[in-house]
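Accompanying notes for the structure given below.
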Amino acid sequence: MKPITLTTLRAAKQAGQKFAVITAYDASFARLMEPAGIEVILVGDSLGMVLQGHDSTLPVTVDDMAYHTACVKRAGAGCLIVADMPFASYDSTEQALHNAAVLMRAGAHMVKLEGGAWLADTVQALTRRGIPVCGHIGLTPQSVNTLGGYRVQGRAPEQAQRLREDALVLEQAGAGLLVLECVPRQLGAEITQALGTTATIGIGAGPDTDGQVLVLHDMLGLSAPVPRFVRDFMAGADSIQQALARYAAAVKSGEFPGQAHCYQ
């Protein structure tokens, strides 16, 4: 596989070809991704829950993210590597630039920030300095205390409209990718269609986004409770490698996510 770049994913969006994203936090798992057909590795701050045992992503630090990004980089091969900017690491543009540079030096090809239109200036500042940005709207786990828990977002008309506006503002600011988490299927489709070059990545956002992402430990059946949008690809598989390949194939064929994994 040729190295995956942002240009690769934009071209896939225009061609209507779906791509697969999965989290990874170390070299051993990262080494399995490219042969399985995974285009993008997300070094997620979800490591705070699945690796560190916290009940949220909030305790994760920039040092944690840099360490795990460097581990993934050593084995990520041709995959595009996206690293999460952790909680309170981009409260100002200056802070965002500093911390994003730390993650890029560790091996990230792109950084991910959670939030809507209020992040436009920060996204613009990062991209102008050669740091590609992935946005993240809908359910934003770093705001779990404000949101009142891990709840579906965008069901109310005014909330859905705000998310549509957030997506367009982030694209205009320069975001190259956009994660849509836990939003109704129809809203995921509408936002994906409304964006020009920014490719969307769904997690609990229906099958009509340009790509899909799952947390590695979730799709291997290692997490409990299991969110509605998760499918256990390890069930019936002979190996982790086969489970990853089944996931990638199901995303690209449109088989996953199915109706059972969607919110209305």
Side-chain angles (χ1 to χ4, degrees), residues 6 9-10 13 21 23 40 42-46 48 56-58 60-62 64-66 69 80-104 108-148 150-151 153-154 158-183 187-188 190-192 194-205 209-211 213:
L6 185 54
L9 301 180
R10 284 173 169 163
K13 175 183 176 70
V21 186
T23 64
V40 182
L42 171 62
V43 187
D45 59 0
S46 49
S56 75
T57 64
L58 302 188
V60 178
T61 67
V62 173
D64 290 335
M65 294 305 306
T69 298
L80 183 78
I81 299 172
V82 180
D84 265 336
M85 297 277 285
F87 175 69
S89 68
Y90 46 98
D91 289 343
S92 68
T93 299
E94 293 74 18
Q95 184 187 33
L97 288 168
H98 172 78
N99 290 326
V102 171
L103 297 182
M104 296 293 284
H109 301 123
M110 172 180 265
V111 297
K112 181 168 76 65
L113 290 72
E114 295 183 9
W118 64 272
L119 277 173
D121 289 344
T122 298
V123 171
Q124 193 171 66
L126 290 170
T127 55
R128 282 179 174 174
R129 290 163 176 81
I131 301 174
V133 174
C134 175
H136 184 155
I137 61 175
L139 171 57
T140 47
Q142 292 176 15
S143 303
V144 62
N145 291 316
T146 301
L147 298 175
Y150 299 97
R151 306 169 64 181
Q153 303 296 303
E158 64 275 13
Q159 192 180 57
Q161 181 59 27
R162 184 169 66 250
L163 290 174
R164 293 186 194 96
E165 293 170 356
D166 284 341
L168 292 172
V169 169
L170 290 172
E171 178 175 54
Q172 187 173 28
L177 299 174
L178 181 64
V179 171
L180 305 176
E181 181 166 358
C182 288
V183 300
L187 181 58
E190 290 172 359
I191 291 174
T192 299
L195 297 176
T197 60
T198 300
T200 58
I201 301 171
I203 177 166
T209 53
D210 300 306
V213 62

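Keep in mind that this is a model prediction, so the values were computed, not measured.
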query = Looking at CD of E181 and CD1 of I201, how far apart are the two atoms once the value is rounded to the nearest 0.5 Å?
reply = 12.0 Å
query = Quick one: are L195 and L168 in side-chain contact, heavy atoms under 4.5 Å?
reply = yes
key: Rounded distance [0.5 Å steps], NZ in K13 versus CG in D210   = 3.5 Å
query = What are the two closest non-hydrogen atoms of A120 and A173, and how far apart are they?
reply = O-CB, 3.5 Å
message = Would you say that more than 12 heavy atoms from the other residues, nucleotides or ligands in this model lie under 6.0 Å from the CD of E165, or not?
response = yes
key: Non-neighbouring partners of D45 that pass salt bridge (charged side-chain N to carboxylate O under 4.0 Å, His left out), sequence neighbours left out   = none
inquiry  = Contact between V60 and F87 at the side-chain level, heavy atoms closer than 4.5 Å - yes or no?
reply    = no
task = Kindly determine whether L178 and E171 satisfy side chain to side chain contact (heavy atoms under 4.5 Å, CB included), including the steps that lead there.
result = CA-CA 8 Å; L178 181 64; E171 178 175 54; over 6 Å; no
query = Taking C-beta and beyond as the side chain, do V43 and T23 meet within less than 4.5 Å on heavy atoms?
reply = no
task = Working to the nearest 0.5 Å, report the span between CD1 of I203 and CG of L139.
result = 9.0 Å
request  = Dump the intermediate steps for side chain to side chain contact (heavy atoms under 4.5 Å, CB included) on N145 and L58, then the final yes or no.
outcome  = CA-CA 10 Å; N145 291 316; L58 302 188; 3.5 Å; yes
query = Quick one: salt bridge (Lys or Arg N to Asp or Glu O under 4.0 Å) pairs with a partner in residues 108-119, sequence neighbours left out?
reply = D84-K112
message = Quick check: closest heavy atoms across D166 and G116, and the distance to 0.1 Å?
response = CG-CA, 3.6 Å
task = Please name the pair of heavy atoms, one in L147 and one in Q153, separated by the smallest distance, quoted to 0.1 Å.
result = CD2-OE1, 3.7 Å
key: Nearest heavy-atom neighbours spanning L103 and A83   = CD1-CB, 4.1 Å
ask   = Where do G176 and L6 come nearest, in terms of heavy atoms and distance?
value = O-CD1, 3.7 Å
message = Does anything in residues 89-101 form a side-chain hydrogen bond (donor to acceptor under 3.5 Å, both in side chains)? List the pairs, not counting sequence neighbours.
response = Y90-Q142
request  = State whether the side chain of E190 and the backbone N or O of R164 hold a donor-acceptor pair below 3.5 Å, judged by distance alone.
outcome  = no
task = May I have the step-by-step check of side chain to side chain contact (heavy atoms under 4.5 Å, CB included) for L126 and L97, ending in yes or no?
result = CA-CA 6 Å; L126 290 170; L97 288 168; 3.6 Å; yes
ask   = L170 and side-chain contact (heavy atoms from CB on, under 4.5 Å): which partner among L177, I137, L113?
value = I137
task = For side chain to side chain contact (heavy atoms under 4.5 Å, CB included), just list the numbers for M104 and T69, CA-CA rounded to whole Å, side-chain angles, deciding distance to a tenth of an Å, and then say yes or no.
result = CA-CA 9 Å; M104 296 293 284; T69 298; over 6 Å; no
ask   = Where do L163 and G154 come nearest, in terms of heavy atoms and distance?
value = CD1-CA, 3.9 Å
task = Give, for atom CD of E158 and atom CZ of R162, the distance between the pair rounded to the nearest 0.5 Å.
result = 7.5 Å
task = Measure from the side-chain N and O atoms of T198 to the backbone N and O of A175, and report whether any donor-acceptor pair falls under 3.5 Å.
result = yes
task = Decide side-chain hydrogen bond (donor to acceptor under 3.5 Å, both in side chains) for T209 and T200; before the verdict, give the C-alpha distance in whole Å, the side-chain angles of both, and the deciding distance to 0.1 Å.
result = CA-CA 5 Å; T209 53; T200 58; 4.7 Å; no
